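Here is how names work: the chains are called A, B, and so on, in the same order as the sequence lines, proteins then strands, and each is numbered from 1. Remember, predicted model here, so these are calculated numbers, not experimental data.
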Protein chains: 2
Amino acid sequence: MGETGSAAEGRGRTRIQRLNQARLLDAALKVFSQEGFRAATLDQIAAEAGMSKPNLLYYFASKEEIYRAVLDRTLDLWLEPLRGLDPQGDPVEEIRAYIRRKLEMSRDNPQESRLYANEILRGGAVIMAEMTGPLRALVMQKAAVIRRWIAAGRLAPHDPVHLIFAIWATTQHYADFDAQIRAVLGEDAGDPIEGAERFLQQLFIEGLRPR
Amino acid sequence: MGETGSAAEGRGRTRIQRLNQARLLDAALKVFSQEGFRAATLDQIAAEAGMSKPNLLYYFASKEEIYRAVLDRTLDLWLEPLRGLDPQGDPVEEIRAYIRRKLEMSRDNPQESRLYANEILRGGAVIMAEMTGPLRALVMQKAAVIRRWIAAGRLAPHDPVHLIFAIWATTQHYADFDAQIRAVLGEDAGDPIEGAERFLQQLFIEGLRPR
DNA sequence: GTCTATAAAGAGATAGAC
DNA sequence: GTCTATCTCTTTATAGAC
């Protein structure tokens with residue numbers, strides 16, 4: 001039996017099913033991230049996956065189901081950089097590493113960034129539970145870490161939650177507003193994220209180092 | 001004749017026409033800013049303006065025409081804060097005032113912010129000319145001002161274009177990602193922008209003051 | 001599992017009465 | 001100027017053959 005068994009297996013159990021699901025999720029990420037939920041079409045997603053539309057609907061029963069599946073698959077990835085902020089590490093170095101991880105995320109996973117940007121712009125109803133639950137909890141936990149660092153005189157005093165917002169905003173900007181950044185910098189300017197890394201490290205570290 | 005004359009007047013010339021156009025543009029801003037171009041519907045816009053769909057199409061010949069009209073109407077407003085950066089002023093005080101104006105814009109005009117965010121997320125094709133033209137020119141002009149301030153030792157050395165990007169990102173974040181910010185901060189937390197103002201002024205000023 | 005055909009609803013735009 | 005009715009195309013989803 002094993003993976004190629006055919007009877008009595010739920011959706012996604014055989015090798016070909018997992019492959020097709022993965023192809024569809026990649027295609028859906030691409031389309032949803034550029035268009036947003038409402039404007040994306042199943043035609044686009046199916047075409048991007050090299051599949052027919054009814055076949056897409058064989059794997060995911062509705063447009064909303066594949067949208068949720070894409071969001072779920074990327075949520076963990078999205079929280080990873082902040083999870084990595086180590087309470088035992090050197091404060092300034094930990095913030096520096098967090099900024100670096102977030103910028104890498106904007107460079108390597110811009111579609112995921114835009115997917116969330118689109119969702120939150122619309123009001124974020126679909127991921128509200130994740131935002132008020134795990135996301136909020138994680139932010140509060142790491143904010144407490146930063147507060148302890150400040151109390152110990154190892155960081156300049158700043159509101160830790162707004163600090164996290166500022167790191168999100170500045171780093172994700174290079175994924176979400178890529179079109180504007182390239183339009184302003186011009187085509188020749190090289191990788192915007194390299195310049196961003198130098199600038200942001202300098203700005204945040206000079207602003208955060210205790211004096 | 002004057003304003004109430006009825007014959008031989010182009011669209012938008014009479015008082016009632018201007019009123020209806022303004023109502024439609026307000027409604028269109030509201031709908032396009034939350035949904036983006038493709039997902040917004042003329043039904044929503046007409047309903048929001050208390051008008052029938054054919055009547056909307058009497059004032060604006062197509063969906064794209066009203067979308068462009070909304071974008072055009074808000075573009076000037078959008079560039080104002082940066083235009084106000086005074087080369088003759090005190091550098092640190094000018095940056096501080098610029099951040100304040102941008103935060104006021106996020107508080108008072110969040111819909112305009114989301115309208116642009118949606119447009120740029122999709123690739124910004126409709127406003128590409130504005131971005132590579134007037135926007136790019138304005139950014140380059142103000143970057144030169146900042147560079148002169150740095151050369152004169154009146155600001156710490158930073159890449160001025162990425163500095164402008166960082167101010168855009170952090171301030172517009174409070175409009176564009178409002179849903180996430182409220183989810184993380186909780187309902188009780190008061191106006192997020194007040195906390196943002198304190199934090200951002202401190203971060204940027206400490207990062208920029210010459211030492 | 002995958003396809004063709006199609007039902008059903010949505011949405012942009014037009015016709016024509018008033 | 002504004003409305004009702006409608007045309008046409010798109011899009012989600014289903015039916016049913018293979």
Whole angstrom value for the distance that separates [atom2] of [N] from [atom1] of [X]:
X: B/Gln21; N: D/dT2; atom1: CD; atom2: P; value: 11 Å
X: B/Phe60; N: D/dT2; atom1: CZ; atom2: P; value: 13 Å
X: A/Tyr59; N: D/dA13; atom1: OH; atom2: P; value: 18 Å
X: A/Gln44; N: D/dT10; atom1: CD; atom2: P; value: 13 Å
X: B/Asn20; N: D/dG1; atom1: CG; atom2: P; value: 9 Å
X: A/Arg23; N: C/dG1; atom1: CZ; atom2: P; value: 14 Å

- Query: Would you call the rings of A/His162 and A/Phe165 parallel, tilted or perpendicular, where under 30° means parallel and over 60° means perpendicular?
  - Reply: perpendicular
- Please state whether the rings of A/Phe32 and A/Phe37 are parallel, tilted or perpendicular, taking 30° and 60° as the class boundaries. parallel
- Item | Set of residues satisfying ring-ring contact (aromatic ring centres under 6.0 Å, His included) with respect to B/Phe204, sequence neighbours excluded | none
Using a cut-off of strictly less than 4.0 Å, decide whether [X] has a side-chain nitrogen or oxygen near OP1 or OP2 of [N].
X: B/Asn55; N: D/dG1; result: no
X: B/Ser52; N: D/dC3; result: yes
X: B/Tyr58; N: D/dC3; result: no

- Readout for nucleotides 12-18 of chain C: B = base within 4.0 Å of protein heavy atom, S = sugar-phosphate only, - = neither; 5' to 3' it is BBB----
- Item | Whether B/Asn118 side chain and B/Ser33 backbone form a donor-acceptor pair below 3.5 Å | yes
- Going by atom types alone, do B/Glu65 and B/Ser62 pair a side-chain donor with an acceptor below 3.5 Å? no
- Task: Give every residue pair that meets the ring-ring contact (aromatic ring centres under 6.0 Å, His included) criterion with at least one member in residues 94-131 of chain A, sequence neighbours excluded.
- Result: A/Trp78-A/Tyr116
